[in-house]
Each structure stands twice: as structure tokens, then as C-alpha cells.
Amino acid sequence: MKIDLFNEIQNPRPWAQNQEQRRFQQAIAQAKLADELGYGCWWQVEHHGAGEFSLSSAPELLLAAIAQHTTRIRLGHSAVLAPGRFNHPIRIAERAATLDHLSGGRVELGLTRSTIPEWRLFNITPEQAREQTRQAFEMVPKMWTTDRFSYHSDAYQIDEISIIPKPLQQPHPPLWQAAASPSSFEEAGRRGVGVLGTTMWESLERVDRMIKLYRAAAQACTEPVGSFVNNQVAYFTFVHCADSDEEAMRNGAAAAAAWYTVTALTFFEAATEFAANMRRVEEILSAPDGGGRTGQFLRDEASNPPTEAQLLIGRVLQGEKVPDDDIFTVLSAQESLIVGSPQTCRKKLKTYADLGIDRLMCLHQIGSIADDKVTRSIQLIGELIPEFDHERHKKPTTTTRPATT
């Protein structure tokens, strides 16, 4: 299992003078440290109108800056918002290929549909988001690997255009899909792209089943959207390592986990998203084929009682002011978080590795945890990397196999 770093540039109030500038400088310094310590990849999100939750509205610029300050660590988009009103597919291909050259061939490109508030901000319907994301996955790798590119759909009319530059990596950078639901995990596998998920609110038992769902779809994929099947699973979660378990708590780990939970559920309008997902579940289960692998996954868990984390999220969505310690206790009990001393974190990391996760994306900079404590956490986890990533001194590679022709 490779140990990566996941970043959103969170910026909770109160804001001091030049706060935003300081956040960007801190991110670059953290990336330089991660590069020195042997972290596998720096993953940067894309969000718009996110307020305190994320300053990362132009990740391609931050990743380009990081590329100039690092030599080894890979640079991942987790993920580019793929509907055309966010990012036209031609611009996605051009920017990622340019970054690949600027970084010496270190790009990992994830795509995603985004969510309700960002769709509304950019005047995108859910149907357009789903369809245009599918089309972006079809177009981008072909733009990279053909001299003259054409594509015709309701959204795009492209005729015999030379899309340049081509990426430095051959045939192209690894492709990924950000996913949160069983159907999205299967979809990523069917496309032959890696999957980017989160364990923040998931039990490890469900994570294990999601991984198996993805693996089955990826292994059955014979016509990937790209030139190869990138059969990899990456998950992100909150990681805070200190010199002792007690110090980790004194550093504000409980408050940070609670802040993230409430802020994320609010920003993503999780109550509305939940209702939309339930409609999607009904569509999957009523499909003539029973919903395939995802349908079976959903039927298998239909009789399960709600987890403590699900009940907790329900309380938050109903507007209840849940104490920070309650949130942290529930999430910690299901092993969703990696918080504590190096000894404690080592045990939790091993649990994730045993699930078959290929890349663990560590969210160190979260909530109001002080920058020096974030830096110390990055350093302490970095010292554990050799125990999990035995090939860190070799040239980075990806798990790939050629497409069937």
C-alpha cells in the first residue's frame, strides 16, 4: 500500500490578515516535505463556492507550482469536475498533458461529476453532469493518443482537431474516478479506471465490500476508456499522528473530525444528495437485470440495521448540534479515522493495507489543527512509509494491463 497525501486547503474561521496566502504557502511546504519523506502522490481536490471548506478552486495551478518544488512525488487530480460548464474536455486534456510535462511525467488524472451545489452554481442539471462525465472519460484519453480527434454528441461537436500537447507519460497518465456510492465504484471498474473513495463515514466492513465490487468490475473490463485498465483502489481519510495518543487529542483531532463532518455535509447538501441517491437505488433495483453487481450489493445490505455512523449523520442532517467528542467517538469506533501515536497509527494503517487498498490518501490538513502539528503528523506518518510501501525507492509505477483489441 502506497501512502499518499490528500489536500483540500481547508480554511476555517477566524481568518487573519493574508490568511489565504499563508494557506497556499503552507500547502507547498507540506508538499515539499512529503516529497522528501517518500509519499507516493499529492492529491488535490477541485471545489467551487466552498467557503471555509476548501480554497482549492484552481487545483491545476497549485499542482503546477508544486511540480516546480518537488522531484519525485506524483501529482493527482482528485478530481477534475468533468461536466463541460466546469471544464471543457479539451481543456482537461490540454492542462493535464501540460502538467505532465512540467512535472516530468508525474500526473494522475481523476474525473468526477461533482455534486448538487456546484451543479447549481454552474447551471448544470444532474442528467447533464452524468452524461458529460461519461463523455469526458471517453474523450480525454483519445485526445491524448490520436493525432486528429473528432467527437459528436448533444454537448460537443469536435471535428478533426489536433489536441496538444500530448502527455509525457506513454500511452497517457493513469485515469481515476472519484466515487462515493456502490454504483459509482462499479462504474469506475467497468470503465477500467482507478477509484478514489473515502472512509470518513464508512465502516471498514462496507469498504471491504466496495473494494470487491470494484475489483470484480475492473477485472471483467476488456474495453477500458483509456489504453489500459488502471485497476487501483485509493481511499482518503482523516489522519493525524502525534508523539502520543494524548497529544493527538490535545492537538484538536476530535474537534477537527467534527468540524469536517458538519462542514462537508452542509456544503455538499447531503440531505438532498441522500434523497437523490435513494431514487437512484430504486432505479438500479428495478432494472430488468436486477441492477447487476451493484443491485446485488444493495440487496445484500438491505436488511442490515443502520450503523452508528449513519445514525450520527442523520442527527447532523436534522440540524442537531452533536458534541465534537460524540462525532469523534463514533467515527473512531468503526476505524474510519487514523488518529494517535505512531504505534496506534501503524496498527490502523495495517488494517487498511489488509483490505487490499492500493493507495491510502492521508488528509492531514483538516479543520483548525495548527500548521506545525500538521507538519509533525506528515513527518511521523512519513517515517512509517517504508513498512507499507516497499518499492518507494524505485521509479513510481502503476498497476496496468493492456486493453483487449
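These values consider heavy atoms only, across backbone and side chains, with no hydrogens, waters or symmetry-generated copies.
Judged purely by atom type and a 3.5 angstrom limit, Glu335 has no side-chain atom pairing as donor or acceptor with the backbone of Leu204. The main-chain N or O of Gln310 is found under 3.5 Å from a side-chain atom of Thr307 such that the two form a donor-acceptor pair. In this structure, Ser54 contributes its side chain and His47 its backbone to no donor-acceptor pair below 3.5 Å. Checking side-chain atoms of Thr294 against main-chain N and O of Gly291 turns up no donor-acceptor pair under 3.5 Å. Asn11 places no side-chain N or O within 3.5 Å of a backbone atom of Arg23 that could act as its donor or acceptor partner. Panel note: side chain Asp4, backbone Cys41; a donor-acceptor pair is recorded below 3.5 Å. In this structure, the side chain of Arg191 does not engage the main chain of Ala218 through any donor-acceptor pair within 3.5 Å. Distance alone, capped at 3.5 Å, is enough to place a donor-acceptor pair between the Gln157 side chain and the Ser153 backbone. Side-chain atoms of Gln334 never come within 3.5 Å of backbone atoms of Leu331 as a donor-acceptor pair (strictly under, hydrogens ignored). Between the Arg74 side chain and the Val107 main chain, a donor and an acceptor come within less than 3.5 Å of each other.
Under the side chain to side chain contact (heavy atoms under 4.5 Å, CB included) criterion, Pro59 pairs with Gln44, Glu46, Ser56, His77, not counting sequence neighbours. Applying the salt bridge (Lys or Arg N to Asp or Glu O under 4.0 Å) rule to Asp371 yields no partners; only residues at least two apart in sequence or on another chain are considered.
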For Gln177 and Val195, what are the C-alpha separation, side-chain angles and deciding distance, and is it a side-chain contact (heavy atoms from CB on, under 4.5 Å)?
CA-CA 5 Å; Gln177 177 175 339; Val195 66; 5.6 Å; no
Can you check side-chain hydrogen bond (donor to acceptor under 3.5 Å, both in side chains) on Gln318 and Glu320, steps first, answer last?
CA-CA 6 Å; Gln318 290 170 7; Glu320 182 180 341; over 6 Å; no
CA sep, side-chain torsions, deciding dist, call: Cys221, Arg190, side-chain contact (heavy atoms from CB on, under 4.5 Å)
CA-CA 5 Å; Cys221 177; Arg190 290 200 315 268; 6.0 Å; no
Would Ser332 and Thr329 count as a side-chain hydrogen bond (donor to acceptor under 3.5 Å, both in side chains) if you check the C-alpha gap in whole Å, the side-chain angles of each, and the deciding distance to 0.1 Å?
CA-CA 5 Å; Ser332 294; Thr329 298; over 6 Å; no
Assess whether side-chain contact (heavy atoms from CB on, under 4.5 Å) is satisfied between Met143 and Tyr151, documenting all intermediate values.
CA-CA 10 Å; Met143 290 176 183; Tyr151 192 92; over 6 Å; no
Checking salt bridge (charged side-chain N to carboxylate O under 4.0 Å, His left out) for the pair Arg376/Asp372: CA distance, chi angles, key distance, verdict?
CA-CA 6 Å; Arg376 181 62 175 159; Asp372 63 322; over 6 Å; no
Val239 and Lys348: side-chain contact (heavy atoms from CB on, under 4.5 Å), yes or no, with the steps?
CA-CA 10 Å; Val239 177; Lys348 292 178 179 289; over 6 Å; no
How far apart are the C-alpha atoms of Glu205 and Arg209, what are their side-chain angles, what is the distance that settles it, and do they pass the salt bridge (charged side-chain N to carboxylate O under 4.0 Å, His left out) test?
CA-CA 7 Å; Glu205 182 276 331; Arg209 293 195 299 115; 2.9 Å; yes
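The nearest pair of heavy atoms linking Phe228 to Pro174 is CZ-CA, 4.0 Å. Here the shortest heavy-atom pairing between Leu380 and Pro342 reads CD2-CG, 4.2 Å. Nearest heavy atom pair, residue Gly76 against residue Leu63, reads O-CD1, 3.8 Å. Here the closest heavy-atom approach between residue Pro182 and residue Leu213 is recorded as O-CD2, 3.2 Å.
With respect to the salt-bridge test (charged N to carboxylate O, under 4.0 angstrom), the residues Glu187 and Arg134 do not qualify. One finds no salt bridge joining Lys142 and Glu138 here, because no Lys/Arg side-chain nitrogen approaches an Asp/Glu carboxylate oxygen to under 4.0 Å. For the pair Asp354 and Lys350, the salt-bridge criterion is met [side-chain N within less than 4.0 Å of a carboxylate O]. Under the 4.0 Å criterion applied to side-chain N and carboxylate O atoms, Glu186 and Arg215 are not assigned as salt-bridge partners.
Taking 4.5 Å as the limit, some side-chain heavy atom of Asp159 sits within range of a side-chain heavy atom of His152. Thr133 places a side-chain heavy atom less than 4.5 Å from the side chain of Pro83. Using a 4.5 Å heavy-atom cutoff, the side chains of Val207 and Tyr352 are not in contact. Between Thr70 and Arg106, the closest side-chain pair of non-hydrogen atoms falls below 4.5 Å. Looking at heavy atoms from C-beta onward, Phe297 lies out of side-chain contact with Lys212 at the 4.5 angstrom threshold. Using a 4.5 Å cut-off on side-chain heavy atoms (C-beta onward), Glu269 and Pro117 make contact. Side chains of Phe236 and Thr199 form no contact here, defined as non-hydrogen atoms less than 4.5 Å apart.
From Phe388, atom CZ reaches atom CD1 of Ile357 across 11.5 Å, with rounding to the nearest 0.5 Å. Within the model, atoms CD1 of Ile313 and CZ of Arg315 stand 11.5 Å from one another, a figure rounded to the nearest 0.5 Å. Between atom CG of residue Leu109 and atom CG of residue Leu75 there is a gap of 12.0 Å, rounded to the nearest 0.5 Å. Here Arg130 contributes atom CZ and Thr125 contributes atom OG1; the two are 11.0 Å apart, rounded to the nearest 0.5 Å. Atom SG of Cys241 and atom CG of Leu384 lie 6.5 Å apart (nearest 0.5 Å). We find the CD1-OH distance between Ile90 and Tyr156 to be 9.5 Å, quoted to the nearest 0.5 Å.
Using modelled atom types and a 3.5 Å distance limit, the side chains of Ser377 and His364 yield a donor-acceptor pair. Between the side chains of Gln19 and Arg22, a donor-acceptor pair is found at a separation under 3.5 Å. In the model, Gln26 has no side-chain atom that pairs as donor or acceptor with a side-chain atom of Gln30 under 3.5 Å. Side-chain atoms of Ser368 and Trp259 include no donor-acceptor pair closer than 3.5 Å. A donor atom on one side chain and an acceptor atom on the other are found under 3.5 Å apart for Ser184 and Ser181.
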Could you pull out all donor-acceptor pairs under 3.5 Å where a side-chain atom in residues 279-287 meets a protein atom, sequence neighbours excluded?
{"unit_1": "Ser286", "atom_1": "OG", "unit_2": "Glu282", "atom_2": "O", "d": "2.8"}
{"unit_1": "Ser286", "atom_1": "OG", "unit_2": "Glu283", "atom_2": "O", "d": "3.2"}

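Geometrically, Arg359 does not engage Tyr235 in a cation-pi contact defined by less than 6.0 Å to the ring centre and at most 45° from the axis.
For Asp289, the CG atom counts as densely surrounded, since its 6.0 Å shell holds more than 12 non-hydrogen atoms of other residues, nucleotides or ligands.
Each of Phe53, Phe6, Phe268, Phe238 was scored for a ring-ring contact (aromatic ring centres under 6.0 Å, His included) with Tyr260, with one residue passing: Phe53.
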